Protein chains: 2
Amino acid sequence: MRNICMTVSYDGTAYNGFQIQPKGRTIQGEIEKVLLILTGETIKIHGSGRTDAGVHARSQVFHFHTESQIPVERWAIALNSRLPDDIVILSAEEKHLDFHSRRSAKRKTYRYSIRTGKYPNVFTRHFEFHHYSPLNTEAMRSALSHVIGEHDFTTFTSIHSTKQSHVRTIYEAKLVVEDDVIHTYFTGNGFLYNMVRIIMGTLMKIGEGKIKADDMPSILAACDRSKAGPKAMAHGLTLWSVEYEFTDIPVTLAEQARG
Amino acid sequence: MRNICMTVSYDGTAYNGFQIQPKGRTIQGEIEKVLLILTGETIKIHGSGRTDAGVHARSQVFHFHTESQIPVERWAIALNSRLPDDIVILSAEEKHLDFHSRRSAKRKTYRYSIRTGKYPNVFTRHFEFHHYSPLNTEAMRSALSHVIGEHDFTTFTSIHSTKQSHVRTIYEAKLVVEDDVIHTYFTGNGFLYNMVRIIMGTLMKIGEGKIKADDMPSILAACDRSKAGPKAMAHGLTLWSVEYEFTDIPVTLAEQARG
(Lines give C-alpha, C1' and ligand atoms only; values in the text may rest on other atoms or scores of the structure.)
Protein backbone atom coordinates (compact mmCIF):
# COMPACT_ATOMS: atom_id res chain seq x y z
CA MET A 1 0.00 0.00 0.00
CA ARG A 2 1.34 3.46 -0.92
CA ASN A 3 0.38 6.86 0.49
CA ILE A 4 0.44 9.48 -2.26
CA CYS A 5 0.28 13.19 -1.35
CA MET A 6 -0.53 15.83 -3.97
CA THR A 7 -0.84 19.57 -4.17
CA VAL A 8 -3.62 20.87 -6.38
CA SER A 9 -4.73 24.31 -7.52
CA TYR A 10 -8.26 24.97 -8.68
CA ASP A 11 -10.58 27.68 -9.87
CA GLY A 12 -13.60 26.90 -7.69
CA THR A 13 -16.06 28.96 -9.75
CA ALA A 14 -17.76 25.99 -11.39
CA TYR A 15 -17.73 23.69 -8.36
CA ASN A 16 -19.89 22.92 -5.37
CA GLY A 17 -16.80 23.00 -3.14
CA PHE A 18 -13.92 20.58 -2.56
CA GLN A 19 -15.78 17.79 -0.83
CA ILE A 20 -18.12 15.37 -2.59
CA GLN A 21 -21.76 16.42 -2.21
CA PRO A 22 -25.02 14.75 -3.12
CA LYS A 23 -25.48 17.42 -5.76
CA GLY A 24 -23.16 19.25 -8.13
CA ARG A 25 -19.61 18.79 -9.35
CA THR A 26 -16.85 18.89 -6.73
CA ILE A 27 -13.06 18.98 -6.85
CA GLN A 28 -12.85 15.71 -4.93
CA GLY A 29 -15.36 14.09 -7.27
CA GLU A 30 -13.42 15.09 -10.38
CA ILE A 31 -10.11 13.86 -8.98
CA GLU A 32 -11.54 10.54 -7.74
CA LYS A 33 -13.14 9.94 -11.14
CA VAL A 34 -9.74 10.29 -12.83
CA LEU A 35 -8.00 8.15 -10.18
CA LEU A 36 -10.48 5.36 -10.90
CA ILE A 37 -9.62 5.54 -14.60
CA LEU A 38 -5.88 5.56 -13.90
CA THR A 39 -5.72 2.83 -11.25
CA GLY A 40 -8.91 0.81 -11.58
CA GLU A 41 -9.33 1.35 -7.82
CA THR A 42 -12.18 3.18 -6.09
CA ILE A 43 -9.99 5.70 -4.29
CA LYS A 44 -11.17 8.16 -1.63
CA ILE A 45 -8.95 11.23 -1.35
CA HIS A 46 -8.52 13.16 1.91
CA GLY A 47 -8.11 16.93 1.65
CA SER A 48 -6.33 19.13 4.19
CA GLY A 49 -9.77 20.67 4.68
CA ARG A 50 -12.90 21.54 2.74
CA THR A 51 -13.33 24.62 0.69
CA ASP A 52 -16.85 25.96 0.12
CA ALA A 53 -18.64 26.27 -3.19
CA GLY A 54 -16.95 28.99 -5.25
CA VAL A 55 -13.80 29.11 -3.09
CA HIS A 56 -10.47 28.58 -4.89
CA ALA A 57 -7.17 26.98 -4.02
CA ARG A 58 -3.74 28.08 -5.07
CA SER A 59 -2.30 25.09 -3.25
CA GLN A 60 -4.61 22.58 -1.58
CA VAL A 61 -3.13 19.30 -0.32
CA PHE A 62 -4.71 15.84 -0.33
CA HIS A 63 -3.55 12.27 0.12
CA PHE A 64 -4.85 8.82 -0.75
CA HIS A 65 -3.86 5.19 -0.42
CA THR A 66 -3.36 3.04 -3.46
CA GLU A 67 -1.91 -0.27 -4.63
CA SER A 68 -1.01 1.32 -7.95
CA GLN A 69 2.63 1.14 -9.01
CA ILE A 70 2.49 4.30 -11.15
CA PRO A 71 5.88 6.04 -10.56
CA VAL A 72 5.50 9.16 -8.41
CA GLU A 73 6.81 11.47 -11.13
CA ARG A 74 4.05 10.32 -13.52
CA TRP A 75 1.02 10.98 -11.32
CA ALA A 76 0.66 14.74 -11.90
CA ILE A 77 0.98 14.51 -15.67
CA ALA A 78 -1.37 11.51 -15.83
CA LEU A 79 -4.05 13.31 -13.79
CA ASN A 80 -3.70 16.70 -15.49
CA SER A 81 -4.16 15.20 -18.94
CA ARG A 82 -7.58 13.88 -17.83
CA LEU A 83 -8.78 16.59 -15.42
CA PRO A 84 -10.80 19.63 -16.55
CA ASP A 85 -8.63 22.71 -17.09
CA ASP A 86 -9.82 24.44 -13.91
CA ILE A 87 -8.10 21.79 -11.75
CA VAL A 88 -4.31 21.45 -11.99
CA ILE A 89 -2.20 19.00 -9.96
CA LEU A 90 1.04 20.82 -9.08
CA SER A 91 3.05 18.04 -7.48
CA ALA A 92 2.90 14.47 -6.18
CA GLU A 93 5.09 12.69 -3.68
CA GLU A 94 5.03 9.44 -1.78
CA LYS A 95 4.75 9.75 2.01
CA HIS A 96 4.97 7.49 5.01
CA LEU A 97 1.68 5.69 5.61
CA ASP A 98 1.06 7.76 8.75
CA PHE A 99 1.08 11.07 6.84
CA HIS A 100 -2.41 12.63 6.81
CA SER A 101 -3.10 15.78 4.81
CA ARG A 102 -5.38 17.22 7.51
CA ARG A 103 -3.98 15.82 10.76
CA SER A 104 -0.34 16.38 9.81
CA ALA A 105 -0.90 19.99 8.69
CA LYS A 106 0.84 22.58 10.87
CA ARG A 107 -0.37 25.85 9.37
CA LYS A 108 -2.75 26.99 6.69
CA THR A 109 -2.93 30.28 4.86
CA TYR A 110 -6.02 31.77 3.24
CA ARG A 111 -6.23 34.93 1.16
CA TYR A 112 -9.33 37.07 0.70
CA SER A 113 -9.27 39.64 -2.12
CA ILE A 114 -11.46 42.72 -2.50
CA ARG A 115 -11.41 45.08 -5.45
CA THR A 116 -12.70 48.56 -4.78
CA GLY A 117 -13.66 50.98 -7.51
CA LYS A 118 -16.51 51.62 -9.85
CA TYR A 119 -16.22 48.43 -11.88
CA PRO A 120 -14.90 44.88 -11.45
CA ASN A 121 -11.89 43.73 -13.44
CA VAL A 122 -13.10 41.21 -16.05
CA PHE A 123 -9.86 39.23 -15.87
CA THR A 124 -9.93 38.65 -12.12
CA ARG A 125 -13.68 38.86 -11.50
CA HIS A 126 -13.95 35.28 -10.28
CA PHE A 127 -11.18 35.73 -7.70
CA GLU A 128 -11.95 39.15 -6.20
CA PHE A 129 -15.01 40.40 -4.40
CA HIS A 130 -16.02 43.73 -5.96
CA HIS A 131 -16.80 46.48 -3.46
CA TYR A 132 -18.08 49.59 -5.23
CA SER A 133 -17.28 52.19 -2.58
CA PRO A 134 -13.86 52.93 -1.03
CA LEU A 135 -12.83 51.12 2.15
CA ASN A 136 -10.82 52.54 5.04
CA THR A 137 -7.94 50.08 4.93
CA GLU A 138 -6.22 51.60 7.98
CA ALA A 139 -9.28 50.88 10.11
CA MET A 140 -9.49 47.37 8.64
CA ARG A 141 -5.80 46.76 9.37
CA SER A 142 -6.22 47.96 12.92
CA ALA A 143 -9.21 45.66 13.51
CA LEU A 144 -7.43 42.76 11.84
CA SER A 145 -4.55 42.93 14.30
CA HIS A 146 -6.93 41.83 17.07
CA VAL A 147 -7.54 38.38 15.55
CA ILE A 148 -3.86 37.46 15.83
CA GLY A 149 -3.14 35.02 18.65
CA GLU A 150 -5.12 32.26 20.33
CA HIS A 151 -8.82 33.05 20.63
CA ASP A 152 -12.22 31.43 20.86
CA PHE A 153 -13.54 32.32 17.40
CA THR A 154 -17.22 31.50 18.07
CA THR A 155 -18.16 35.04 16.97
CA PHE A 156 -16.60 34.33 13.59
CA THR A 157 -17.97 30.93 12.76
CA SER A 158 -21.24 29.67 11.39
CA ILE A 159 -23.86 28.82 14.02
CA HIS A 160 -23.95 25.45 12.23
CA SER A 161 -20.38 24.65 13.27
CA THR A 162 -20.17 21.17 14.79
CA LYS A 163 -16.68 21.55 16.26
CA GLN A 164 -16.29 20.91 19.98
CA SER A 165 -13.76 23.70 20.43
CA HIS A 166 -13.76 27.04 18.66
CA VAL A 167 -10.30 27.94 19.91
CA ARG A 168 -7.82 28.50 17.12
CA THR A 169 -4.52 30.34 16.78
CA ILE A 170 -3.88 32.91 14.09
CA TYR A 171 -0.11 33.27 13.68
CA GLU A 172 -0.23 36.02 11.12
CA ALA A 173 -2.87 38.29 9.58
CA LYS A 174 -1.90 40.99 7.15
CA LEU A 175 -3.62 43.32 4.75
CA VAL A 176 -1.77 44.19 1.55
CA VAL A 177 -3.04 46.89 -0.82
CA GLU A 178 -2.09 46.56 -4.50
CA ASP A 179 -3.62 49.40 -6.53
CA ASP A 180 -7.39 48.93 -6.18
CA VAL A 181 -7.16 45.46 -4.64
CA ILE A 182 -7.02 44.65 -0.94
CA HIS A 183 -5.55 41.21 -0.22
CA THR A 184 -5.95 39.93 3.33
CA TYR A 185 -3.87 36.91 4.36
CA PHE A 186 -4.60 34.72 7.38
CA THR A 187 -2.18 32.07 8.62
CA GLY A 188 -3.33 29.84 11.45
CA ASN A 189 -3.29 26.36 12.92
CA GLY A 190 -6.84 25.78 11.75
CA PHE A 191 -9.94 27.61 10.58
CA LEU A 192 -13.56 27.12 11.59
CA TYR A 193 -16.44 26.84 9.14
CA ASN A 194 -16.86 30.22 7.37
CA MET A 195 -14.32 31.83 9.72
CA VAL A 196 -12.33 33.82 7.16
CA ARG A 197 -15.46 34.90 5.32
CA ILE A 198 -17.18 36.15 8.50
CA ILE A 199 -14.04 37.99 9.64
CA MET A 200 -13.85 39.58 6.17
CA GLY A 201 -17.54 40.54 6.21
CA THR A 202 -16.89 42.24 9.55
CA LEU A 203 -13.74 43.96 8.26
CA MET A 204 -15.71 45.33 5.33
CA LYS A 205 -18.29 46.84 7.70
CA ILE A 206 -15.34 48.40 9.54
CA GLY A 207 -13.87 49.64 6.25
CA GLU A 208 -17.27 51.20 5.45
CA GLY A 209 -17.31 52.94 8.84
CA LYS A 210 -20.40 51.01 9.99
CA ILE A 211 -18.52 49.22 12.78
CA LYS A 212 -15.63 50.82 14.70
CA ALA A 213 -12.22 49.16 14.51
CA ASP A 214 -11.93 49.60 18.27
CA ASP A 215 -14.99 47.38 18.74
CA MET A 216 -13.17 44.38 17.29
CA PRO A 217 -11.83 43.05 20.65
CA SER A 218 -15.28 43.09 22.26
CA ILE A 219 -16.90 41.58 19.15
CA LEU A 220 -14.37 38.74 19.30
CA ALA A 221 -14.71 38.32 23.08
CA ALA A 222 -18.52 38.15 22.88
CA CYS A 223 -18.38 34.65 21.35
CA ASP A 224 -21.63 35.56 19.64
CA ARG A 225 -22.08 35.21 15.87
CA SER A 226 -24.72 37.96 15.89
CA LYS A 227 -22.09 40.56 16.85
CA ALA A 228 -20.09 39.98 13.66
CA GLY A 229 -20.76 41.28 10.18
CA PRO A 230 -22.23 39.19 7.37
CA LYS A 231 -20.37 36.33 5.70
CA ALA A 232 -18.38 37.68 2.75
CA MET A 233 -18.97 36.17 -0.70
CA ALA A 234 -17.14 32.92 -1.44
CA HIS A 235 -15.41 33.91 -4.68
CA GLY A 236 -12.96 36.33 -3.02
CA LEU A 237 -11.49 33.49 -0.95
CA THR A 238 -8.49 31.34 -1.91
CA LEU A 239 -6.81 28.59 0.10
CA TRP A 240 -3.29 29.92 -0.37
CA SER A 241 -1.10 27.19 1.12
CA VAL A 242 -0.94 24.35 3.59
CA GLU A 243 2.28 23.88 5.51
CA TYR A 244 3.51 20.68 7.13
CA GLU A 245 7.20 20.90 7.94
CA PHE A 246 9.24 23.55 6.23
CA THR A 247 11.22 20.88 4.42
CA ASP A 248 7.95 19.60 2.96
CA ILE A 249 7.13 22.71 0.96
CA PRO A 250 7.90 22.05 -2.70
CA VAL A 251 10.62 24.42 -3.90
CA THR A 252 8.44 26.02 -6.56
CA LEU A 253 5.79 27.01 -4.03
CA ALA A 254 8.36 28.39 -1.63
CA GLU A 255 9.63 30.51 -4.51
CA GLN A 256 6.14 31.74 -5.37
CA ALA A 257 5.55 32.66 -1.74
CA ARG A 258 8.76 34.70 -1.67
CA GLY A 259 7.99 36.30 -5.05
CA MET B 1 -27.80 63.16 -32.96
CA ARG B 2 -25.09 62.35 -30.40
CA ASN B 3 -21.84 60.45 -30.90
CA ILE B 4 -21.05 58.36 -27.81
CA CYS B 5 -17.59 56.79 -27.41
CA MET B 6 -16.96 54.05 -24.87
CA THR B 7 -14.08 51.96 -23.64
CA VAL B 8 -14.86 48.34 -22.85
CA SER B 9 -12.90 45.44 -21.38
CA TYR B 10 -13.87 41.87 -22.03
CA ASP B 11 -12.88 38.31 -21.37
CA GLY B 12 -13.22 36.93 -24.89
CA THR B 13 -13.22 33.26 -23.82
CA ALA B 14 -16.94 32.71 -24.33
CA TYR B 15 -17.30 34.82 -27.49
CA ASN B 16 -17.00 34.38 -31.20
CA GLY B 17 -14.99 37.61 -31.41
CA PHE B 18 -15.92 41.29 -31.20
CA GLN B 19 -17.82 41.65 -34.43
CA ILE B 20 -21.32 40.29 -35.01
CA GLN B 21 -21.23 36.92 -36.82
CA PRO B 22 -23.93 34.72 -38.31
CA LYS B 23 -23.20 32.22 -35.54
CA GLY B 24 -22.26 32.51 -31.88
CA ARG B 25 -22.32 35.24 -29.27
CA THR B 26 -20.19 38.32 -29.92
CA ILE B 27 -19.16 41.34 -27.86
CA GLN B 28 -20.82 43.68 -30.36
CA GLY B 29 -24.00 41.60 -30.30
CA GLU B 30 -24.24 41.69 -26.50
CA ILE B 31 -23.65 45.45 -26.35
CA GLU B 32 -26.12 46.25 -29.15
CA LYS B 33 -28.77 44.10 -27.45
CA VAL B 34 -28.44 46.16 -24.27
CA LEU B 35 -28.39 49.46 -26.19
CA LEU B 36 -31.70 48.49 -27.80
CA ILE B 37 -33.20 47.89 -24.34
CA LEU B 38 -31.83 51.19 -23.00
CA THR B 39 -32.68 53.46 -25.92
CA GLY B 40 -35.37 51.70 -27.94
CA GLU B 41 -33.14 52.33 -30.96
CA THR B 42 -31.52 49.70 -33.20
CA ILE B 43 -27.95 50.91 -32.70
CA LYS B 44 -24.91 49.69 -34.61
CA ILE B 45 -21.66 50.16 -32.72
CA HIS B 46 -18.30 50.67 -34.47
CA GLY B 47 -15.23 49.17 -32.83
CA SER B 48 -11.66 50.42 -33.22
CA GLY B 49 -11.11 47.04 -34.86
CA ARG B 50 -12.20 43.43 -34.60
CA THR B 51 -10.79 40.96 -32.19
CA ASP B 52 -10.92 37.26 -33.10
CA ALA B 53 -12.80 34.53 -31.25
CA GLY B 54 -11.17 33.99 -27.85
CA VAL B 55 -9.14 37.23 -27.94
CA HIS B 56 -9.59 39.60 -24.99
CA ALA B 57 -9.59 43.35 -24.54
CA ARG B 58 -8.29 45.32 -21.61
CA SER B 59 -9.46 48.49 -23.31
CA GLN B 60 -11.28 48.31 -26.63
CA VAL B 61 -12.96 51.49 -27.95
CA PHE B 62 -16.23 51.81 -29.87
CA HIS B 63 -18.63 54.58 -30.81
CA PHE B 64 -22.24 54.85 -31.91
CA HIS B 65 -24.79 57.45 -32.87
CA THR B 66 -27.97 57.86 -30.88
CA GLU B 67 -30.88 60.23 -30.31
CA SER B 68 -31.01 59.14 -26.66
CA GLN B 69 -30.73 61.86 -24.04
CA ILE B 70 -29.24 59.56 -21.36
CA PRO B 71 -26.62 61.72 -19.56
CA VAL B 72 -23.07 60.67 -20.45
CA GLU B 73 -22.19 59.75 -16.85
CA ARG B 74 -25.09 57.26 -16.72
CA TRP B 75 -24.23 55.17 -19.79
CA ALA B 76 -21.55 52.92 -18.28
CA ILE B 77 -23.58 52.04 -15.18
CA ALA B 78 -26.72 51.46 -17.23
CA LEU B 79 -24.93 49.10 -19.61
CA ASN B 80 -22.91 47.25 -16.97
CA SER B 81 -25.99 46.43 -14.94
CA ARG B 82 -27.43 44.61 -17.99
CA LEU B 83 -24.31 43.16 -19.65
CA PRO B 84 -22.93 39.71 -18.77
CA ASP B 85 -20.09 39.88 -16.25
CA ASP B 86 -17.38 39.12 -18.82
CA ILE B 87 -18.01 42.46 -20.53
CA VAL B 88 -17.41 45.67 -18.54
CA ILE B 89 -17.83 49.21 -19.87
CA LEU B 90 -15.02 51.30 -18.34
CA SER B 91 -15.97 54.79 -19.52
CA ALA B 92 -18.27 56.76 -21.80
CA GLU B 93 -17.90 60.20 -23.27
CA GLU B 94 -19.63 62.29 -25.88
CA LYS B 95 -17.54 63.17 -28.95
CA HIS B 96 -17.85 65.40 -32.00
CA LEU B 97 -19.88 63.73 -34.72
CA ASP B 98 -16.77 63.28 -36.84
CA PHE B 99 -15.00 61.12 -34.24
CA HIS B 100 -14.66 57.52 -35.45
CA SER B 101 -13.25 54.83 -33.18
CA ARG B 102 -11.31 53.16 -36.01
CA ARG B 103 -10.46 56.04 -38.36
CA SER B 104 -9.50 58.46 -35.58
CA ALA B 105 -7.25 55.94 -33.80
CA LYS B 106 -3.55 56.87 -33.83
CA ARG B 107 -1.96 53.85 -32.15
CA LYS B 108 -2.99 50.49 -30.86
CA THR B 109 -1.25 48.20 -28.41
CA TYR B 110 -1.66 44.43 -28.18
CA ARG B 111 -0.19 42.10 -25.62
CA TYR B 112 0.51 38.40 -26.11
CA SER B 113 1.22 36.33 -22.99
CA ILE B 114 2.97 32.97 -22.79
CA ARG B 115 3.42 30.92 -19.62
CA THR B 116 6.30 28.47 -19.67
CA GLY B 117 6.63 25.66 -17.19
CA LYS B 118 5.20 22.25 -16.55
CA TYR B 119 1.64 23.30 -15.81
CA PRO B 120 -0.70 26.17 -16.64
CA ASN B 121 -1.86 28.55 -13.91
CA VAL B 122 -5.57 27.89 -13.26
CA PHE B 123 -6.25 31.54 -12.45
CA THR B 124 -4.82 32.96 -15.65
CA ARG B 125 -5.32 29.99 -17.97
CA HIS B 126 -7.74 31.84 -20.25
CA PHE B 127 -5.33 34.74 -20.76
CA GLU B 128 -1.96 33.02 -21.23
CA PHE B 129 -0.84 30.50 -23.80
CA HIS B 130 0.84 27.62 -21.98
CA HIS B 131 4.15 26.50 -23.47
CA TYR B 132 5.47 23.42 -21.71
CA SER B 133 9.17 23.73 -22.56
CA PRO B 134 11.45 26.70 -21.83
CA LEU B 135 11.85 29.44 -24.45
CA ASN B 136 15.00 31.37 -25.28
CA THR B 137 13.70 34.86 -24.53
CA GLU B 138 16.93 36.56 -25.58
CA ALA B 139 16.62 35.07 -29.08
CA MET B 140 12.92 36.07 -29.16
CA ARG B 141 13.77 39.61 -28.07
CA SER B 142 16.46 39.89 -30.72
CA ALA B 143 14.05 38.70 -33.45
CA LEU B 144 11.31 40.95 -32.15
CA SER B 145 13.45 44.06 -32.62
CA HIS B 146 13.31 43.54 -36.39
CA VAL B 147 9.56 44.15 -36.62
CA ILE B 148 9.93 47.68 -35.28
CA GLY B 149 9.52 50.35 -37.95
CA GLU B 150 7.58 50.58 -41.22
CA HIS B 151 7.43 47.26 -43.08
CA ASP B 152 5.31 45.30 -45.50
CA PHE B 153 3.94 42.66 -43.13
CA THR B 154 2.64 40.24 -45.81
CA THR B 155 4.73 37.45 -44.22
CA PHE B 156 2.84 37.97 -40.99
CA THR B 157 -0.74 38.16 -42.13
CA SER B 158 -3.33 35.61 -43.10
CA ILE B 159 -3.39 34.73 -46.82
CA HIS B 160 -7.08 35.63 -46.53
CA SER B 161 -6.27 39.28 -45.81
CA THR B 162 -8.31 41.57 -48.06
CA LYS B 163 -6.33 44.73 -47.31
CA GLN B 164 -4.88 46.58 -50.31
CA SER B 165 -1.68 47.49 -48.48
CA HIS B 166 0.16 45.36 -45.96
CA VAL B 167 2.47 48.21 -44.94
CA ARG B 168 2.16 49.06 -41.25
CA THR B 169 4.37 50.79 -38.71
CA ILE B 170 5.31 49.21 -35.38
CA TYR B 171 6.40 52.00 -33.03
CA GLU B 172 7.34 49.80 -30.15
CA ALA B 173 7.72 46.06 -29.54
CA LYS B 174 8.95 44.78 -26.20
CA LEU B 175 9.20 41.48 -24.41
CA VAL B 176 8.81 41.55 -20.63
CA VAL B 177 9.49 38.47 -18.50
CA GLU B 178 7.61 38.19 -15.18
CA ASP B 179 8.52 34.94 -13.40
CA ASP B 180 7.30 32.19 -15.75
CA VAL B 181 5.29 34.50 -17.99
CA ILE B 182 6.52 36.22 -21.14
CA HIS B 183 4.45 39.26 -22.10
CA THR B 184 5.09 40.70 -25.56
CA TYR B 185 3.68 44.16 -26.31
CA PHE B 186 3.22 45.59 -29.80
CA THR B 187 2.31 49.22 -30.43
CA GLY B 188 1.58 50.23 -34.00
CA ASN B 189 -0.50 52.40 -36.30
CA GLY B 190 -2.52 49.37 -37.35
CA PHE B 191 -2.44 45.58 -37.39
CA LEU B 192 -3.28 43.17 -40.20
CA TYR B 193 -5.51 40.12 -39.80
CA ASN B 194 -3.76 37.62 -37.48
CA MET B 195 -0.56 39.72 -37.55
CA VAL B 196 0.32 39.59 -33.85
CA ARG B 197 -0.57 35.90 -33.61
CA ILE B 198 1.61 34.95 -36.61
CA ILE B 199 4.54 37.05 -35.32
CA MET B 200 4.14 35.31 -31.95
CA GLY B 201 3.96 31.86 -33.53
CA THR B 202 7.22 32.69 -35.31
CA LEU B 203 8.83 34.06 -32.13
CA MET B 204 7.93 30.82 -30.32
CA LYS B 205 9.68 28.79 -33.05
CA ILE B 206 12.68 31.07 -32.51
CA GLY B 207 12.43 30.61 -28.74
CA GLU B 208 12.40 26.84 -29.30
CA GLY B 209 15.53 27.10 -31.46
CA LYS B 210 13.71 25.85 -34.57
CA ILE B 211 14.14 29.15 -36.43
CA LYS B 212 17.20 31.42 -35.98
CA ALA B 213 16.64 34.93 -34.64
CA ASP B 214 18.99 36.19 -37.36
CA ASP B 215 16.59 34.87 -40.02
CA MET B 216 13.86 37.31 -38.90
CA PRO B 217 14.85 40.12 -41.34
CA SER B 218 14.77 37.79 -44.35
CA ILE B 219 11.52 36.15 -43.20
CA LEU B 220 9.93 39.61 -42.95
CA ALA B 221 11.43 40.77 -46.27
CA ALA B 222 10.17 37.66 -48.10
CA CYS B 223 6.56 38.91 -47.96
CA ASP B 224 5.58 35.26 -47.96
CA ARG B 225 3.26 33.79 -45.30
CA SER B 226 4.83 30.35 -45.74
CA LYS B 227 8.16 31.63 -44.33
CA ALA B 228 6.58 32.49 -40.96
CA GLY B 229 5.72 30.18 -38.08
CA PRO B 230 2.19 29.02 -37.27
CA LYS B 231 -0.52 31.32 -35.92
CA ALA B 232 -0.36 31.38 -32.11
CA MET B 233 -3.51 30.46 -30.16
CA ALA B 234 -6.07 33.23 -29.69
CA HIS B 235 -6.42 33.15 -25.91
CA GLY B 236 -2.94 34.56 -25.21
CA LEU B 237 -3.84 37.78 -27.04
CA THR B 238 -5.30 40.92 -25.47
CA LEU B 239 -6.09 44.24 -27.12
CA TRP B 240 -4.30 46.36 -24.53
CA SER B 241 -5.19 49.93 -25.50
CA VAL B 242 -6.26 52.21 -28.31
CA GLU B 243 -4.82 55.69 -28.37
CA TYR B 244 -6.31 58.74 -30.09
CA GLU B 245 -4.76 61.95 -28.91
CA PHE B 246 -2.90 61.85 -25.64
CA THR B 247 -5.48 64.13 -24.09
CA ASP B 248 -8.15 61.60 -25.05
CA ILE B 249 -6.90 58.77 -22.85
CA PRO B 250 -9.13 58.54 -19.79
CA VAL B 251 -7.09 59.33 -16.69
CA THR B 252 -7.72 55.93 -15.11
CA LEU B 253 -6.31 54.09 -18.12
CA ALA B 254 -3.29 56.37 -18.29
CA GLU B 255 -2.67 55.54 -14.65
CA GLN B 256 -3.00 51.81 -15.27
CA ALA B 257 -0.54 52.08 -18.16
CA ARG B 258 1.99 53.83 -15.94
CA GLY B 259 1.41 51.34 -13.09
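Just so it is clear, the structure is predicted and the values come from calculations on it, not from any experiment. Each chain gets a letter, A, B and so on, in the order the sequences are listed, and its residues count up from 1.
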Trainee: Determine, step by step, whether Asp86(B) and Arg125(A) satisfy the side-chain contact (heavy atoms from CB on, under 4.5 Å) criterion, reporting the C-alpha distance in whole Å, the side-chain angles of both residues, the deciding distance to 0.1 Å, and the verdict.
Mentor: CA-CA 8 Å; Asp86(B) 47 10; Arg125(A) 71 191 188 280; 3.3 Å; yes
Trainee: Decide if atom CZ of Arg2(A) counts as having more than 12 heavy atoms of other residues, nucleotides or ligands within a radius under 6.0 Å.
Mentor: yes
Trainee: What's the spacing between Lys118(A) NZ and Ile89(B) CD1 if we round to 0.5 Å?
Mentor: 12.5 Å
Trainee: Considering only heavy atoms, which portion of Phe123(A) lies under 4.5 Å from any heavy atom of chain B: side chain, backbone, both, or neither?
Mentor: both
Trainee: I would like to know whether Ile77(A) and Tyr119(B) meet side-chain contact (heavy atoms from CB on, under 4.5 Å); could you show each step before the answer?
Mentor: CA-CA 9 Å; Ile77(A) 293 162; Tyr119(B) 307 118; 3.8 Å; yes
Trainee: Is the number of heavy atoms from other residues, nucleotides or ligands within 6.0 Å of CZ (Arg50(B)) greater than 12?
Mentor: no
Trainee: For Val122(A) and Asp85(B), work out which heavy atoms get closest and say how close.
Mentor: CG1-O, 3.8 Å
